[in-house]
Amino acid sequence: MAALPEGDSAPSDGRLPNVGNLKNKPFSLYVHVPYCSKRCGYCDFNTYTPSELERDDQIDRWLQSAIKETIFARKILGEELTVDTIFFGGGTPSLLEASVVKEFLNSVSKHFTLKKDLEITLEANPDTITQSKAEDWRKAGINRISLGMQSSAKNVLQVLDRTHNPANVLTSVEILKKAGFENFSLDLIYGTPGESLEDWSNTLKDAIAINPPHISAYSLVIEPGTKMGSQLSRGEIKAVSDDDAADKYQLAEVMLTENGYLWYEISNWAKENKECQHNLNYWKGNNWWGIGPGAHSHINGVRWWNKKLPKNWRESLDQDQSPALARENLTNEQIRNEEVMLLSRLKTGIDKADFDQKNVEKLIKDKLVNEVSGKLELTLEGRLLADVVFRQLTA
Amino acid sequence: MTIEINPAGTTPPELIRNFCVIAHIDHGKSTLADRMLQITGVVEERNMRAQYLDRMDIERERGITIKSQAVRLPWVGLDNKNYILNLIDTPGHVDFTYEVSRSLEACEGTILLVDAAQGIEAQTLANLYLALENDMTIIPVLNKIDLPAAQPDKYAAELANIVGCKPGDVLRVSAKTGQGVKELLDLVVVEVPAPVGDANAPARAMIFDSVYDTYRGVVTYVRVIDGKLTPRQKIKMMSSGATHELLDIGVISPEPKSTKGLGVGEVGYLITGVKDVRQSRVGDTITDFVKPATQALAGFRDPKPMVFAGLFPIDGSDYPLLRDALDKLQLNDAALVYEPESSVALGFGYRCGFLGLLHLEIVRERLDREFNLSLISTAPSVGYRILMEDGQEIDITNPSEFPSGKVSEIYEPVVKATILTPSEYIGPVMELAQERRGQMHNMDYLSEDRVELRYTLPLAEIVFDFFDQLKSKTRGYASFDYEPSGEQVADLVKVDILLHGDPVDAFSSIVHKDKAYAYGVEMTGRLKELIPRQQFEVPIQAAIGARIIARESIRAIRKDVLAKCYGGDISRKRKLLEKQKEGKKRMKMVGRVEVPQEAFVAALQTNADSASKDKK
Ligand SMILES: Nc1nc2c(ncn2[C@@H]2O[C@H](COP(=O)(O)OP(=O)(O)O)[C@@H](O)[C@H]2O)c(=O)[nH]1
Ligand SMILES: C[S@@+](CC[C@H](N)C(=O)[O-])C[C@H]1O[C@@H](n2cnc3c(N)ncnc32)[C@H](O)[C@@H]1O
Ligand code: SF4
Ligand SMILES: [Mg+2]
């Protein structure tokens, strides 16, 4: 599991330092559902299988604590904010019963104002979706699904140690469409050991054939401590080269663009107006509260993250205390660094005038960025070298 | 109060015996000295500690003796007379050959101490030859006879063969248990000739060691040849004419003790208040200022640096600290020379000259340990004398000084090397020496299964990994020593390493023509592994002048981005990027290429490292 960043200690009453006006930025809710039926080989998310949890922390006990944190959030924020987007992430949120989703959203609407037609996304695994569940989610207010397709190559899904097969994806999409989910996204992973360029090209082809409004494509990261991390260190699998990953990224860009998907963030492509609003809020430095074990929050330059273990998270809330483990009060320099880091990854770019022009010229000369009406926009090469661009912009 | 018999300054020469011990590292010299201190009663039992005479920390830890010491030991001989034995400790390593030769010069006899489980080693042999050249009395002794693995008969025969005595004449001792040490002291009285000198002649004393001490300034160790030195006397250094007053004069037994003076044949220390050992140099003759001797003692020499390396602080802002540290080390190390050097790749540092590889390593370690300096050292190199076609002559100590004009001849320093090896490894040893352009002079069987090989070798060929190679080819059994032996004409070229077209001065090297290609291939290959991929393709070339002899290329990096960046990843990712940015600050720019410090260190290491192993 990814280590949490180090931070200062968070006060147990959860009180924020003076963070100023909360209404001048969009505010979102992230809702973490830390349960999976089985852990995938590459996964380092904060998620647990049933056998890893005590009875009191199983998925059916999630709701009461999640509602408690919603109320706690309302108290700490001190005013009834308008929620711009909601995102159920995991873990596997699609394991939640629709009734639970409904009750949770009801509670949210009691303590917050919901923006009209706000985007409410739920991450779903292809082998967890049934027709009735999908219809009930829709009725409960979910209006966007992010489906973890990953690959359409059997051998790749096998190396990733996924529970689903390629056929599950097609069935799920059928169900989702029938249930009225016009807005959905497919998550893809490339660069899995053993994946050929053809495997990847076929995955892209199959994903495009489904015609989703949105596609994410992530280069596989194998973290130490995961199952695949151990396989890698034992030499059972071989890491793919950066060149292979770069080739596959470029293939994705070409095929997706040809089919009407435009990149709007390094790993994300969408048809017109189908960008994920929730993620854009993260990247634009807006505010959000993360509900759930290990969830991260950001309110006007203060970041904090919850205790990772469901038990610790629950117990804090049971005592009406903050479930936060630690937090960071960002300095102006850190805020600026994050802004550069995040905005520069977006198609909409970042203001050119704010940087040392010598650094900018060098990047333009190296063809890593273009200037588009006063903004710096990553080139295709630049997208693959975004960390280089960041270092140079902030040098 | 006990009345001192034979107080210093008045000891009759016929009751003095000056001797030293020649031994390989770990053969037991320090332990033997400890026993002598105990048996003669100069150190009481309860004050005894191991390696009593090895003062400096660095010496004790590495088990080597860098600076000589002299102790005065009272001893009642078999004839019941009260003798004074002066034990003069010699540095064991070849880098300090000159100091060894001065220590030997201060004695009339030497104990040749050999581990009875190991036999004689090349370094001992080299020092023995020095002693024999000085016509000294040699007392062969086998140590560690208490060890179960000792083979006293075998090695007694070997020693007898080398020294030219009967195996039965080889004394057998255990420095550890003390067995035989008393007999050894008696033998010193009988065998070692008493010093001879003219008590009425103008004073002449030879400096055989000179040590800087923070509290007292320079402490100079001398052996009086003629006349007498007394407190408050005005003295003169015969090489420079500099004059000083004797603020303190005395003997060491084993702590320093002021005396009324030092007479003919005596050994002791003196303090004049000078602050820098270069003002009181080993080998120089001290005489009386008012009534000076006309003739200096023979053999004074300015030890010449043989091995050179650039030392650069890893953190450029440490440069002034490095300068101060070198200045301080020089107070105690007359052989250390240095001058500022600037390198495109490594920034500002010093080009330093050393007596040899051990000397280099000791200086580097002291800079690290005593001054807390992290340094990059360039590969050690040697000095060359270059004759140009226009008749000009240029001395260089740094490949970067290699002239670009027409070279007519290049002279490189050579050494006389002694290699001892078990006879079964003669083949591989000869092969190695051949590969290193060695010329064999002779081969002697010391015993049935041990052979001594004598070679002339270019110094440049041994400053790299010669000793390592020798050890690995002989399973660690061979030993090796060398001494400078002039120069020879050689077919040498300068190989440059170019990164993205820009030469990297730190990697330039002067090598034999036949080895240029191998050097080029090795270095370009190594750099390819060490330098991270850049945004553009980086050719790495090795060149002699304009001619490229080897090339590699680092392909451009195409991907340097973290794929996902969710809410939870932001802090972590920011920190990662900030850390990377810090890392970039420690990059050195070679033209447009960013090279991490570590790459320089690693690329230069293999060579420098073997230097550090040479002493072990
Ligand atoms: N068994 C045994 N060990 C000895 C004897 N003399 C020295 N040693 C050991 O050999 C090692 C090296 O001795 P040392 O006096 O430091 O050698 P140096 O390097 O010649 O000064 C030490 O571990 C000593 O304890 C001896 O007579 N018998
Ligand atoms: C929050 S995750 C998990 C959602 C869901 N449980 C699933 O696995 O489909 C969302 C997406 O991140 C991507 N992802 C997860 N771990 C990854 C890794 N180690 N490397 C690259 N992408 C990863 C996958 O495409 C995944 O669908
Ligand atoms: S389903 Fe998703 S969250 Fe669960 S283990 Fe697999 S990758 Fe991780
Ligand atoms: Mg010793």
Side-chain angles (χ1 to χ4, degrees), chain A residues 2-7 28 30 32 45-46 87 89 189 191 216-221 241-243 245-247 249-250 265-267 278-279 281-283 288 290 294-298 303 305 328 330 334 337-338 340-342 345 366 368 381 383-392 394-395, chain B residues 315-317 347 499-502 525 528-540 552-599:
Chain A
L4 290 169
E6 278 177 26
S28 294
Y30 172 73
H32 193 65
F45 287 105
N46 188 34
F87 194 102
I189 288 181
S216 301
Y218 302 106
S219 169
L220 180 69
V221 179
S241 71
D242 284 353
D243 292 322
D247 287 341
Y249 183 85
Q250 287 181 340
E265 194 267 351
I266 287 174
S267 304
H278 183 84
N279 284 340
N281 277 340
Y282 290 157
W283 299 327
W288 78 90
H296 285 242
S297 300
H298 171 246
R303 291 192 185 279
W305 42 96
E328 267 182 332
L330 299 177
Q334 288 171 324
N337 277 346
E338 287 188 355
V340 176
M341 167 181 107
L342 297 169
R345 291 168 64 100
D366 285 343
L368 296 184
E381 290 75 26
R383 280 146 68 183
L384 282 163
L385 293 170
D387 290 0
V388 173
V389 172
F390 167 83
R391 289 193 298 262
Q392 205 148 113
T394 56
Chain B
D315 179 347
S317 66
L499 215 53
H500 207 235
D502 293 316
K528 182 183 175 174
E529 297 307 314
L530 290 169
I531 297 174
R533 291 167 70 181
Q534 317 271 315
Q535 283 150 249
F536 42 87
E537 175 164 331
V538 179
I540 310 173
E552 285 281 1
S553 141
I554 306 172
R555 285 186 312 129
I557 189 171
R558 288 180 57 204
K559 182 171 169 274
D560 184 359
V561 57
L562 291 171
K564 46 182 183 154
C565 203
Y566 296 117
D569 299 324
I570 295 174
S571 292
R572 197 155 21 115
K573 189 175 155 81
R574 187 197 73 237
K575 284 179 182 159
L576 199 71
L577 286 172
E578 285 169 351
K579 216 167 111 195
Q580 287 176 354
K581 246 172 63 178
E582 275 310 301
K584 290 275 164 183
K585 282 195 194 141
R586 293 192 299 119
M587 295 275 189
K588 299 260 182 185
M589 297 301 295
V590 174
R592 284 199 64 203
V593 183
E594 288 178 337
V595 184
Q597 287 274 20
E598 303 82 61

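Only this structure's heavy atoms are used, side chains among them; waters, hydrogens and symmetry mates stay out. Chain letters run A, B, ... following the sequence lines, proteins first and then strands; every chain starts at 1.
Residues A:Glu381 and B:Gln535 form no side-chain contact, since every pair of their non-hydrogen atoms from C-beta on lies 4.5 Å or further apart. Between B:Leu577 and A:Asn337, the closest side-chain pair of non-hydrogen atoms is not below 4.5 Å. Between B:Ile570 and A:Met341 the shortest side-chain heavy-atom distance falls below 4.5 Å.
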Residue pair B:Arg558, A:Asp242: steps toward the side chain to side chain contact (heavy atoms under 4.5 Å, CB included) verdict | CA-CA 7 Å; B:Arg558 288 180 57 204; A:Asp242 284 353; 5.9 Å; no

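Between the CD atom in A:Glu328 and the OG atom in B:Ser571 there is a gap of 4.0 Å [rounded to 0.5 Å].
Looking at B:Leu576, neither its backbone nor its side chain comes within 4.5 Å of chain A, counting heavy atoms on both sides. For A:Phe390, the part sitting under 4.5 Å from any heavy atom of chain B is the side chain, from C-beta outward, and nothing else. With a threshold of 4.5 angstrom between heavy atoms, A:Gln334 approaches chain B through its backbone and through its side chain. When heavy atoms are compared at a cutoff of 4.5 Å, A:Asp243 approaches chain B by way of both its backbone and its side chain. Of the two parts of A:Asp247, the backbone and the side chain both hold a non-hydrogen atom closer than 4.5 Å to a non-hydrogen atom of chain B. At a 4.5 Å heavy-atom cutoff, the contact between A:Thr394 and chain B is made by backbone and side-chain atoms alike.
Using a 4.0 Å cut-off between charged side-chain N and carboxylate O, A:Arg391 and B:Glu594 make no salt bridge.
Ranking B:Gln580, B:Arg533, B:Lys559, B:Arg574 against chain A, the residue ahead of the rest is B:Arg574, based on heavy-atom pairs under 4.5 Å.
Annotation for A:Leu384 and B:Val561: closest pair O-CG1, 3.4 Å, computed over non-hydrogen atoms.
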